[in-house]
*Asks:* 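Sharing a structure below in structure tokens format, with a few things to ask.
Hydrogens, waters and symmetry mates play no part in the numbers below; they use all other heavy atoms, side chains included. Letters go in sequence order (proteins before strands), and every chain restarts at 1.
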Number of protein chains: 2
Amino acid sequence: MARTSQTQLAVLGALSIEPMTGYRLRAEIVQTLGHFWRESFGQVYPALSTLEEAGLVERERGDERATGRSGNVFRLTAAGRERLRELLAEPFQPPTPRDPLLLRLFFGHHVDPALVRTWLTEALVGAERACERYDELRAEIEREPDFATRGVFRLLTVSAGRHAARARADWAREALELLEAAGGGRGPRADRDR
Amino acid sequence: MARTSQTQLAVLGALSIEPMTGYRLRAEIVQTLGHFWRESFGQVYPALSTLEEAGLVERERGDERATGRSGNVFRLTAAGRERLRELLAEPFQPPTPRDPLLLRLFFGHHVDPALVRTWLTEALVGAERACERYDELRAEIEREPDFATRGVFRLLTVSAGRHAARARADWAREALELLEAAGGGRGPRADRDR
DNA sequence: TCGACCATGTAACACGTTACATGATTGA
DNA sequence: TCAATCATGTAACGTGTTACATGGTCGA
């Protein structure tokens with residue numbers, strides 16, 4: 001139940017900014033919420049139908065003939081806006097994430113040290129790049145006209161990403177240094193423990 | 001395919017440390033990998049059966065009568081150990097996580113500023129507590145006997161959690177200050193935009 | 001006219017959680 | 001003897017991804 005509403009929350013939220021087609025909705029989610037959220041077409045379209053049945057969004061057909069036209073524009077109804085506020089007010093708990101890098105790293109003694117270094121280097125580079133993108137994003141947002149209303153909150157989500165990326169980069173660098181110091185750094189040496 | 005192997009990887013990895021029952025396996029995953037991984041019983045038992053059929057793990061019955069005995073102990077076979085190395089060597093890509101707090105925060109202008117402050121305060125407190133737990137964990141690991149082999153890698157995963165928690169706490173504090181400064185800090189004031 | 005992109009939807013499948021049914025062992 | 005904990009497994013459900021089928025529009 002808490003889970004079901006997550007997609008609805010994202011969809012209602014996105015439509016609260018502007019009415020759009022399902023296709024564009026998905027694109028906006030990728031573009032704007034992309035660094036902390038994701039939805040696939042397979043979720044967006046069914047969600048829109050469900051929300052329509054519940055009277056939370058309205059479909060405006062661009063044209064009436066056959067299937068495959070210039071797109072249905074969905075807009076929030078008053079009930080939908082109310083529902084959005086309700087969902088936002090509901091309690092939520094962050095799920096323990098699954099981090100594939102850490103899972104592998106935990107069993108790092110089973111693999112070639114060079115591979116472990118590759119993992120960490122990739123993580124480092126990725127995190128550094130993410131940092132830069134967040135800085136650019138921040139600059140963009142500060143230039144935007146609607147800064148006073150939504151801008152602050154958007155900025156906060158970017159800042160969260162920035163902090164996380166910075167931390168990840170720092171960690172990866174430290175980890176590389178620590179492995180170097182621990183002496184596992186020289187040459188491939190797969191273990192034969194136990 | 002990449003996904004299916006994730007659970008197998010976790011199970012094989014855990015069994016590479018020590019043979020155990022499904023129940024204990026799950027408990028170890030919660031305890032030891034808990035800050036970056038999770039598996040439910042509903043996944044662990046089927047995974048064990050699958051792995052057994054594939055000859056990657058062996059089941060040792062504690063006792064032969066009826067169902068519900070003192071438990072089946074599973075141990076890695078040679079093939080299982082090989083498979084673990086294979087899985088570890090396979091490429092992987094970290095999925096975009098879904099952060100329910102950031103999703104809500106992004107639409108924060110729709111809700112009472114006091115609620116937003118609650119969200120951030122909870123995030124701050126939670127992250128600070130996590131930091132402390134990570135520090136304790138580090139101390140524990142450094143005292144352990146098998147530090148030389150697995151210890152380093154375990155330490156790295158703890159350090160990753162520590163960095164992430166620290167970053168989250170810093171971010172939450174900054175966010176609270178920023179909202180305070182932005183003047184949204186005084187009294188409930190739900191928006192009536194658009 | 002052709003490819004890129006906009007657009008809609010579904011079906012199959014993979015992944016994961018929760019709840020339930022069942023029973024043994026152990027220590028208070 | 002009673003509760004807690006160890007232990008096994010499944011069934012139902014919900015969530016989420018991928019691939020496919022289909023067609024419109026628009027600019028090169």
Side-chain angles (χ1 to χ4, degrees), chain A residues 1-11 14 19-31 33-34 37-53 57 59-74 92-98 100 103, chain B residues 1-11 19-31 33-34 37-53 57 59-74 92-100 103:
Chain A
M1 190 167 284
R3 298 242 173 242
T4 321
S5 352
Q6 301 278 95
T7 293
Q8 297 203 355
L9 179 51
V11 169
M20 29 185 155
T21 65
Y23 185 88
R24 168 121 184 271
L25 181 53
R26 152 69 204 249
E28 287 302 320
I29 288 174
V30 170
Q31 269 238 318
L33 315 182
W37 205 257
R38 88 198 109 91
E39 296 291 347
S40 60
F41 285 121
Q43 276 170 283
V44 167
Y45 283 113
L48 283 169
S49 299
T50 308
L51 291 171
E52 192 190 14
E53 277 168 43
V57 305
R59 180 188 305 238
E60 240 174 275
R61 285 191 172 70
D63 189 313
E64 220 70 42
R65 292 173 303 275
T67 58
R69 292 157 318 312
S70 55
N72 307 320
V73 173
F74 292 88
F92 63 94
Q93 72 298 333
T96 312
R98 300 178 116 192
L103 179 63
Chain B
M1 190 169 285
R3 298 243 170 242
T4 320
S5 355
Q6 301 278 98
T7 293
Q8 296 204 354
L9 179 52
V11 169
M20 30 184 155
T21 65
Y23 185 88
R24 168 119 184 273
L25 181 53
R26 153 69 204 248
E28 286 302 320
I29 287 174
V30 170
Q31 269 236 320
L33 314 182
W37 205 257
R38 86 198 110 91
E39 296 290 348
S40 60
F41 285 120
Q43 275 170 283
V44 167
Y45 283 113
L48 283 170
S49 299
T50 308
L51 291 171
E52 193 190 13
E53 279 169 42
V57 305
R59 179 188 307 237
E60 241 175 275
R61 285 192 172 69
D63 186 313
E64 220 69 43
R65 292 172 304 275
T67 58
R69 293 158 315 310
S70 54
N72 307 321
V73 174
F74 293 88
F92 62 94
Q93 71 301 330
T96 310
R98 301 178 114 191
D99 187 323
L103 179 62

*Asks:* When the distance from CD of B:Q6 to P of D:dG16 is rounded to whole Å, what number comes out?
*Replies:*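 In whole Å, D:dG16 P lies 17 Å from B:Q6 CD.
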
*Asks:* Looking only at the side chain of B:R59 (C-beta and beyond, no hydrogens), which of the listed nucleotides D:dG9, C:dG16, D:dT17 gets closest?
*Replies:* D:dG9

*Asks:* Starting at atom CD1 of B:I29, determine the distance to atom P of D:dA7, rounded to an integer number of angstrom.
*Replies:* 15 Å

*Asks:* Need to verify one output field. Residue with the more 5' nearest nucleotide on DNA chain D, B:Y45 or A:E39?
*Replies:*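 Nearer the 5' end of the strand: B:Y45.
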
*Asks:* Round to a whole Å and report the spacing from CE of B:M20 to P of D:dT5.
*Replies:*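 That distance rounds to 20 Å.
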
*Asks:* How many angstroms lie between atom CH2 of A:W37 and atom CG of A:L9, to the nearest 0.5 angstrom?
*Replies:*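 Here the interatomic distance stands at 7.0 Å.
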
*Asks:* In Å, rounded to the nearest 0.5 Å, how long is the span from CZ of B:F41 to CG of B:L25?
*Replies:* 9.5 Å

*Asks:* Hey, what do you get for OG1 (B:T50) to CD (B:E52), rounding to the nearest 0.5 Å?
*Replies:* 10.0 Å

*Asks:* What's the closest nucleotide to the side chain of A:R98 if the choices are C:dG16, C:dT8, D:dA7?
*Replies:* C:dG16

*Asks:* Check the interface with nucleotides 11-13 of chain D: list each N/O to N/O pair with the protein under 3.5 Å, or write none.
*Replies:*
none

*Asks:* Give, for atom OG1 of B:T96 and atom CG of A:L33, the distance between the pair rounded to the nearest 0.5 Å.
*Replies:*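 Result: 11.5 Å between the selected atoms.
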
*Asks:* Of all the nucleotides listed (D:dG9, D:dA7, D:dT18), which has the minimum atom distance to the side chain of B:Y23?
*Replies:*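 From the listed options, D:dA7 comes nearest.
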
*Asks:* Grab the CZ-C1' distance between A:F41 and D:dG23 for me, whole Å please.
*Replies:*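 In whole Å, D:dG23 C1' lies 15 Å from A:F41 CZ.
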
*Asks:* Would you indicate which nucleotide in C:dT10, C:dG9, D:dG16 comes nearest to any side-chain atom of A:N72?
*Replies:*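 Nearest listed nucleotide: C:dG9.
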
*Asks:* Ignoring the backbone of A:Q43, work out which of C:dA7, D:dT17, D:dG9 is nearest its side chain.
*Replies:*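 So the nucleotide nearest the side chain must be D:dT17.
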
*Asks:* B:L51 has an atom CG; how far is it from atom P of D:dG9, in whole Å?
*Replies:* 13 Å

*Asks:* Going by the rule side-chain hydrogen bond (donor to acceptor under 3.5 Å, both in side chains), which residues pair with A:R98 if we only count those two or more places apart in sequence or in a different chain?
*Replies:*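 Counting only residues at least two positions away or on another chain, A:R98 forms a side-chain hydrogen bond (donor to acceptor under 3.5 Å, both in side chains) with B:E39.
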
*Asks:* Expressed as a whole number of angstroms, how long is the span from B:E28:CD to D:dT5:C1'?
*Replies:*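 So the CD-C1' distance, B:E28 to D:dT5, works out to 15 Å.
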
*Asks:* Partners of A:S40 by side chain to side chain contact (heavy atoms under 4.5 Å, CB included), sequence neighbours excluded?
*Replies:* A:R26, A:Q43

*Asks:* Given C:dC5, D:dG9, C:dT17, identify the nucleotide with an atom nearest to the side chain of B:R38.
*Replies:* C:dT17

*Asks:* State which of C:dT8, C:dT17, D:dA7 makes the closest approach to the side chain of B:R24.
*Replies:*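 Of the candidates, D:dA7 comes closest.
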
*Asks:* For a 4.5 angstrom cut-off between non-hydrogen side-chain atoms, does A:L48 reach A:R59?
*Replies:*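 A:L48 vs A:R59: side chains apart.
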
*Asks:* To the nearest Å, give me how far apart CD (A:Q8) and P (D:dG16) are.
*Replies:*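 After rounding, the reported distance stands at 12 Å.
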
*Asks:* State which of D:dT18, D:dT10, C:dT8 makes the closest approach to the side chain of A:S40.
*Replies:* D:dT18

*Asks:* C:dT8 P sits how many Å from A:E60 CD, rounded?
*Replies:* 13 Å

